[in-house]
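FYI, side chains are in, hydrogens and waters are out, and symmetry mates aren't considered; it's all heavy atoms of this structure. Numbers here simply count residues along the sequence, with the first being 1.
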Amino acid sequence: MRSYGYQHLRMFRVLALILLALPQATISLKLREVSVPAVVIKGDDVWLNCTYDLEKETLYSIKWHKNNVEFYRYIPADNPPGQKYELEGIHIDLTRSNEGNIYMPTTDVNSEGIYRCEVSSEAPIFRTVRGEREMRIYVNPSTKPQILGTKAHYGIGETVNLTCKSAPSRPAAFLKWLINGVEVAPRSNKLYRPQPVEFPAGLFTSTLVLTFPATHEHFYDGKMTVQCEAIISQAHTLRSEEITITNSTRASAATAGDIDSMKDGPKISGGKNEYQVGETVDVNCTASKSQPPAELHWYINDKEVRSDYLMPRPPIVYPGGEESTVLGLRFEVKSRHFQKSEMRLRCTATLSEVKKMTSEPLEVEIAQQQRSDLHVDQVNAESVQSKSTTCKISIQVIRSLLLILILWSSL
């Protein structure tokens with residue numbers, strides 16, 4: 001009997017080990033989506049949503065981190081189940097938050113960062129799935145840029161020295177000058193661009209100095225108009241699913257990571273799950289439609305690829321004017337591309353929204369004395385030209401009379 005019971009115990013242990021070794025896809029916890037707004041204007045409220053599917057497992061915990069620091073956890077067995085931890089930039093309303101869905105009634109510049117949601121299951125699986133998104137906080141300038149150091153009049157040859165200053169913003173504004181509606185080239189020696197000044201609140205002020213000697217060409221009808229423009233580029237990056245490629249049939253199969261669908265990120269198409277050294281990888285990355293179109297980047301094992309690996313493709317243009325950028329990746333597989341028999345491919349899409357604010361036009365005039373001198377010079381020039389024309393006519397008449405006299409005397 002003891003031998004019989006011992007054999008059953010051994011069989012039970014073997015079966016337990018087999019069950020634990022089975023592919024987790026059959027009963028696996030899945031992270032469906034991590035939703036974090038990519039671009040937020042300071043002060044706006046936000047929702048952080050973590051959607052998962054337990055399937056046959058039991059939930060143990062949901063945790064949220066910002067820049068690898070935990071600020072919220074939900075454990076059904078605790079009382080209360082939802083708890084928050086103090087962290088700069090994190091403002092949670094627990095009365096409106098539930099499980100993996102967090103409501104933040106306000107945001108500040110410290111709210112910017114990488115947000116990660118982790119969902120863990122109970123024993124005996126103890127499986128954890130995670131996904132992350134980046135949030136960027138923007139602050140638009142409260143006023144138009146200002147022009148400092150102006151004068152009402154400038155003499156020809158006098159140095160014009162103007163400074164454009166933007167209102168505080170995040171990120172720093174990019175400034176440019178226009179003279180009579182024409183942009184001054186960004187690399188012109190007329191410009192001096194100091195580093196933006198950062199304030200304790202996380203905002204930046206930009207300045208751009210314009211210096212040049214005034215000439216007649218700068219004035220139209222005695223007047224010159226200058227303007228300054230501030231440009232804020234609100235860019236954010238979306239990541240694609242990460243594709244894992246193996247070089248061995250015994251290695252793990254290709255996977256798209258923990259998140260089943262990344263609705264807003266670019267999509268990878270083409271290729272296969274397994275490659276051998278010497279074969280050619282030929283895949284495409286397609287961004288979601290946007291305007292302006294997204295900028296795509298490819299990565300192999302978290303390192304951006306060389307330019308000769310990239311294959312630009314025609315974009316997909318939609319009736320409304322939006323576009324989906326497409327970028328191909330093509331290269332011959334080398335042994336260096338594999339790390340522990342795996343090669344990870346990922347692409348990112350960077351979207352930008354440009355906001356512009358232009359200063360009030362500043363109109364300056366040429367100095368009054370030089371305006372008079374210019375008028376006199378123009379009058380004198382016209383008089384000289386008139387006299388010159390009269391003189392030329394008189395010489396022609398004298399030449400004609402002399403020719404007539406010579407012909408008459410020869411008769």
Examine distances only and state if a side-chain atom of [X] and a backbone atom of [Y] form a donor-acceptor pair shorter than 3.5 Å.
X	Y	value
E57	L29	yes
W47	S35	no
R170	A201	no
S121	R127	yes
K63	S120	no
T280	E332	no
T205	V197	no
D45	M104	no
W64	C50	no
T51	R32	no

Task: Test of ring centre spacing under 6.0 Å for F212 and H218 - done: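 Judged by ring-centre distance (under 6.0 Å), F212 and H218 do meet the cut-off.
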Open item on the list: Determine whether the aromatic ring centres of residues F331 and H337 are separated by less than 6.0 angstrom.
Closed with: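 Judged by ring-centre distance (under 6.0 Å), H337 and F331 do meet the cut-off.
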Do [X] and [Y] come within less than 4.5 Å of each other through their side chains, counting heavy atoms only?
X	Y	value
Q83	I75	no
L296	W298	no
P171	I232	yes
M343	I300	yes
M357	P145	yes
K84	I90	no
S166	F204	no
R313	M311	yes

Does a side chain donor of either [X] or [Y] reach within less than 3.5 Å of an acceptor in the other side chain?
X	Y	value
T207	Y192	no
S359	Q227	no
E217	T215	yes

Task: Chi angles and distances behind the side chain to side chain contact (heavy atoms under 4.5 Å, CB included) call for Y275, V281 - done: CA-CA 8 Å; Y275 284 88; V281 174; 3.8 Å; yes
Residue [X] excluded, over 12 heavy atoms near [atom1] under 6.0 Å:
X	atom1	answer
Y220	OH	no
K165	NZ	no
E183	CD	yes
Q146	CD	no

Task: Nearest heavy-atom neighbours spanning Y318 and K289 - done: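 Heavy atoms only, the tightest pair is CE1-CB, 3.3 Å.
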TODO: Taking all heavy atoms of V69 and all of L87, pick out the closest pair and write down the distance.
DONE: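 Taking every non-hydrogen atom into account, CG1-CD1, 3.9 Å.
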Open item on the list: Apply side chain to side chain donor-acceptor pair (under 3.5 Å) to residues T128 and Y60 and explain how you reach the verdict.
Closed with: CA-CA 10 Å; T128 298; Y60 171 69; over 6 Å; no
Open item on the list: Regarding E134 and R136, does a basic nitrogen lie under 4.0 Å from an acidic carboxylate oxygen?
Closed with: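 Judged by the 4.0 Å cut-off on N to carboxylate O distance, E134 and R136 do form a salt bridge.
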Open item on the list: By the side chain to side chain donor-acceptor pair (under 3.5 Å) test, which pairs, at least two apart or in different chains, include something from residues 73-82?
Closed with: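 Residue pairs with at least one partner in residues 73-82: E70-R73, R73-Y85.
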Open item on the list: The test is side chain to side chain contact (heavy atoms under 4.5 Å, CB included); show your working for R344 and Q339 and say whether it passes.
Closed with: CA-CA 9 Å; R344 292 176 291 110; Q339 297 178 354; 4.1 Å; yes
Open item on the list: My understanding is that only residues two or more places apart in sequence, or in another chain, count here; which of them pass ring-ring contact (aromatic ring centres under 6.0 Å, His included) with F338?
Closed with: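 Once residues adjacent in sequence are excluded, F338 has no partner under the ring-ring contact (aromatic ring centres under 6.0 Å, His included) criterion.
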Open item on the list: Let me confirm one number: the NZ-CG distance from K176 to L208, rounded to the nearest 0.5 Å.
Closed with: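 Here the rounded value is 11.5 Å.
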- [ ] Go through the steps for R130 and E132 under the test salt bridge (Lys or Arg N to Asp or Glu O under 4.0 Å), then give the verdict.
- [x] CA-CA 7 Å; R130 58 184 60 84; E132 62 183 32; over 6 Å; no
